[in-house]
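These numbers come from a predicted model, not from an experiment.
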Amino acid sequence: MKSHKYVSLLLSALAVSTFFSACSATDLPDNSNNSFTGENGAVNNTNDYGIMRDITSAELVKEMKIGWNLGNTLDVCQADRDGDGKVNEHVEDGEEVDETLWGNVMTTPVMFDKLKESGVDSVRIPITWRDHLDENDNIKEDWMNRVQEIVDYAIDRGFYVIINMHHDGGGDPQFGAWIIETAKDDYDKFYARYSKMWKQIAQRFRDYSDYLIFESMNEVGFDSLPNSEAYALINKINQDFVDIIRSSGGNNEKRHLLIAGYWTDIAKTCDALYKMPTDTIEDRLILSVHYYTPWEFCISGSQKTWGTEAEIKLMTDKVNLLNSTFVEKGIPVIIGEYAGGGSNTEHIYFCEYFAKLCHDSGIACYLWDNGWNFNRTTYQWSVSGLMEGLKRATSGKEYEVVKGSTGIL
């Protein structure tokens with residue numbers, strides 16, 4: 001999500017301290033019994049560390065059912081979030097940006113236990129790195145350790161996990177975003193930083209299993225350039241991303257990679273000018289797009305209802321376009337962000353309808369959550385019935401999505 005999408009959270013400022021030391025991939029616990037005992041004492045199914053299965057990305061995506069974003073957390077940054085030209089989210093001099101900057105509490109293992117219990121099985125962890133680099137573009141050790149710690153919370157509990165470069169892309173270059181402007185103006189300078197950062201990330205996670213997926217970037221496009229040049233640039237970055245990861249050794253030689261679409265916009269990404277990268281291994285690349293249509297319902301809140309014949313047709317047409325352009329040609333798709341709006345009934349109807357369309361097409365989708373959908377202190381879903389709707393949508397059963405439906409099929 002771009003910084004101007006975020007809504008100020010009316011959450012408790014309670015901070016939960018975590019003093020767990022992040023371990024290296026080689027020091028991870030023996031998971032040969034395929035289980036993990038969480039803080040609440042529950043034993044959770046999980047994947048063996050280090051196992052890179054011989055499955056295609058399409059098969060991996062089909063294993064994902066209900067996806068969720070740990071938003072406004074590791075993706076926070078010092079930024080102009082209200083567009084007034086001033087940094088209105090910042091830390092004091094000498095302090096470091098941490099995951100609570102935008103109002104959320106510290107992430108805990110119990111949070112992932114509760115998400116798992118509720119039915120979530122896939123987690124996207126957006127990460128912004130720009131406030132955590134030294135003068136030589138080395139990622140600061142404390143930040144890398146915290147990222148790994150949270151990734152481990154999820155991996156230990158059997159979640160599929162996506163990590164990325166989030167607001168490093170972004171629309172506020174005067175406050176630290178760098179991918180868009182640097183790649184456009186000086187590609188060599190861009191590549192030096194981008195490759196150095198991804199090499200560090202790839203090295204830290206090189207021995208993780210195929211439950212961990214790397215995503216090249218978030219919501220990047222180059223509309224100030226002529227169309228052909230803009231697409232050529234996004235294609236070049238994605239190709240370089242694949243080449244960087246594949247050369248980083250370990251399981252990264254076969255890791256499933258998530259490739260950012262143009263602005264992660266469905267229509268723009270389905271343009272013939274957009275090209276998926278080539279790869280040294282077959283069937284290990286996934287397309288990444290987002291869905292916030294209509295914006296007035298999903299984000300701004302000016303539209304309170306959804307579900308007219310025209311709106312349903314538009315949603316269906318967009319999913320069908322992804323299906324015909326990519327999925328049917330052997331390129332799997334993940335919708336890394338989507339969100340509903342309106343009342344609880346409208347919210348559930350939109351999300352369930354969309355999730356079912358995607359699931360029926362073999363597309364996995366991840367609900368955007370800035371801290372509102374899932375309360376991270378009470379561990380309750382804000383919209384009662386939402387998880388039941390998503391479980392229906394991903395059940396594989398044939399049924400008509402009806403506004404106001406309750407219960408599990």
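For Lys313, the salt bridge (Lys or Arg N to Asp or Glu O under 4.0 Å) test picks out Asp317, with sequence neighbours left out. Residues satisfying the side-chain hydrogen bond (donor to acceptor under 3.5 Å, both in side chains) criterion with Tyr262, sequence neighbours excluded, are Asp223. Not a single side-chain hydrogen bond (donor to acceptor under 3.5 Å, both in side chains) links Asp186 to another residue, sequence neighbours left out. Not counting sequence neighbours, the partners of Glu63 by the side chain to side chain contact (heavy atoms under 4.5 Å, CB included) test are Arg53, Ile55, Leu60, Tyr160. For Lys275, there are no salt bridge (Lys or Arg N to Asp or Glu O under 4.0 Å) partners two or more places apart in sequence or in a different chain. The side chain to side chain contact (heavy atoms under 4.5 Å, CB included) search around Leu273 returns Asn227, Tyr231, Asp271, not counting sequence neighbours. The side-chain hydrogen bond (donor to acceptor under 3.5 Å, both in side chains) search around Asp265 returns none, not counting sequence neighbours. Looking at residues two or more places apart in sequence or on another chain, you find a side-chain hydrogen bond (donor to acceptor under 3.5 Å, both in side chains) between Asn252 and Ser248, Arg255. Residues passing the side chain to side chain contact (heavy atoms under 4.5 Å, CB included) test with His347 are Cys351, Trp372, Asn373, Val383, Leu386, sequence neighbours excluded. Listed by chain and number, the residues in a side chain to side chain contact (heavy atoms under 4.5 Å, CB included) with Val147 are Leu74, Ile127, Trp129, Trp143, Val151, Phe205 (sequence neighbours excluded).
Between Val61 and Gly362, the shortest heavy-atom contact is CG1-O, 3.5 Å. The minimum heavy-atom distance linking Ser57 with Ile286 is given by the pair CB-CG1, 3.5 Å. Scanning both residues, Asp75 and Thr128, for their nearest heavy atoms gives O-OG1, 2.7 Å. The minimum heavy-atom distance linking Arg130 with His167 is given by the pair NH1-O, 2.7 Å. Smallest separation of non-hydrogen atoms from Trp68 and Tyr366: N-CD2, 3.6 Å. Here the closest non-hydrogen pair linking Gly330 and Pro332 is O-CD, 3.4 Å.
Look at Arg146 and Asp142 and you find no salt bridge, because none of the NZ, NE, NH1 or NH2 atoms lies under 4.0 Å from a carboxylate O. Remark: Arg204 engages Glu141 in a salt bridge, criterion side-chain N to carboxylate O under 4.0 Å.
Asn69 places a side-chain N or O within 3.5 Å of a backbone atom of Gly336 that can act as its donor or acceptor partner. For the pair Glu59 (side chain) and Thr56 (backbone), a donor-acceptor distance under 3.5 Å is present. Listed for the Lys268 side chain is no donor-acceptor partner under 3.5 Å among the backbone atoms of Trp263.
The salt bridge (charged side-chain N to carboxylate O under 4.0 Å, His left out) contacts involving residues 284-297 comprise Asp54-Arg284, where partners must be two or more places apart or lie in separate chains. Applying the salt bridge (charged side-chain N to carboxylate O under 4.0 Å, His left out) test to residues at least two apart or on different chains, the pairs with a partner in residues 388-401 are Glu352-Arg392.
A salt bridge (charged side-chain N to carboxylate O under 4.0 Å, His left out) with Arg193 holds for exactly one of Asp137, Asp188, Asp168; it is Asp137. Shown are Thr278, Thr280, Leu285; of these, the side chain to side chain contact (heavy atoms under 4.5 Å, CB included) with Val242 is made only by Leu285.
Classified by interplanar angle (parallel below 30°, tilted 30° to 60°, perpendicular above 60°), the ring pair Tyr353/Tyr349 is perpendicular. Aromatic ring orientation, Trp198 versus Tyr194: perpendicular (interplanar angle above 60°, classes split at 30° and 60°).
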Practice item. May I have the step-by-step check of salt bridge (Lys or Arg N to Asp or Glu O under 4.0 Å) for Asp121 and Lys65, ending in yes or no? Key: CA-CA 6 Å; Asp121 70 348; Lys65 303 301 181 187; over 6 Å; no
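Side-chain atoms of Ile299 and Trp368, non-hydrogen and from C-beta on, never get closer than 4.5 Å to each other. Looking at heavy atoms from C-beta onward, Lys254 lies out of side-chain contact with Asp210 at the 4.5 angstrom threshold.
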